Amino acid sequence: MAGKKGMKHYPVAVKLEAVRLILEEGLTKKEIRERLGLTKGRVRIWVRQYRQEGAAAFAKKRGGPGRRPKRENKDAYIARLEMENELLKKFQAELRREELGRRNIGSSTSTESDIQ
């Protein structure tokens with residue numbers, strides 16, 4: 001859990017409801033706090049976040065990096081790595097062809113009259 005010890009965390013639905021009450025119904029922050037049982041200062045912060053980023057502001061995860069994703073089984077992991085390896089080989093070959101084309105190396109377009 002992110003935040004200070006004892007800090008209350010509110011669901012996204014509560015945050016959106018508080019913002020709706022202030023923006024659409026014109027209730028005061030105090031009325032909203034009493035109605036929804038919020039701590040002082042929360043409504044002001046949520047309204048500011050909502051105005052800056054919309055509803056997406058409440059969907060973001062806060063805090064540290066979180067948990068690592070679960071490791072897939074070995075066969076799936078190896079298959080994924082092999083696929084990535086093949087993709088990288090193709091990409092590298094494409095880059096090499098492009099670089100050689102830029103330097104005009106490896107092309108057999110020269111004739112004997114060009115050499116003399």
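These numbers come from a predicted model, not from an experiment.
- Arg97 places none of its side-chain heavy atoms less than 4.5 Å from the side chain of Leu100.
- Expressed to the nearest 0.5 Å, how far CD of Glu94 lies from CD of Gln92 amounts to 11.0 Å.
- Smallest separation of non-hydrogen atoms from Ile32 and Ala18: CD1-O, 3.7 Å.
- The shortest heavy-atom contact between Ala57 and Gln49 is CB-O, 3.7 Å.
- Taking NZ of Lys89 as the reference point, atom CD of Glu84 lies at 13.0 Å (rounded to 0.5 Å).
- Here the side chain of Glu31 pairs a donor or acceptor atom with the backbone of Thr28 at under 3.5 angstrom.
- Using a 4.5 Å heavy-atom threshold, the side chains of Val43 and Ile22 count as touching.
- Annotation: side chain of Tyr50 is in contact with side chain of Leu23 (closest heavy-atom distance under 4.5 Å).
- Contact check on Glu98 versus Arg102 returns a salt bridge, with a Lys/Arg side-chain nitrogen under 4.0 Å from an Asp/Glu carboxylate oxygen.
- Counted within 6.0 Å of CZ on Arg96, heavy atoms from surrounding residues, nucleotides or ligands total 12 or fewer; the atom is thus considered open.
- Summarising the geometry, atom CD belonging to Glu53 is positioned 10.0 Å from atom CZ belonging to Arg48; distances are rounded to the nearest 0.5 Å.
- For the atom pair CG of Leu81 and NZ of Lys74, the computed distance is 12.5 Å after rounding to the nearest 0.5 Å.
- Side-chain contact between Glu34 and Lys30: present, with at least one pair of heavy atoms (C-beta onward) separated by less than 4.5 Å.
- Remark: Arg20 CZ to Glu25 CD distance equals 4.5 Å, nearest 0.5 Å.
- With a 4.5 Å cut-off on side-chain heavy atoms, Ile45 and Arg42 count as touching.
- Here the side chains of Thr39 and Tyr10 are in contact, with some heavy-atom distance below 4.5 Å.
- Residues Glu24 and Val19 fail the side-chain proximity criterion, which asks for heavy atoms closer than 4.5 Å.
- With rounding to the nearest 0.5 angstrom, the NZ atom of Lys29 is 13.0 Å from the CG atom of Leu38.
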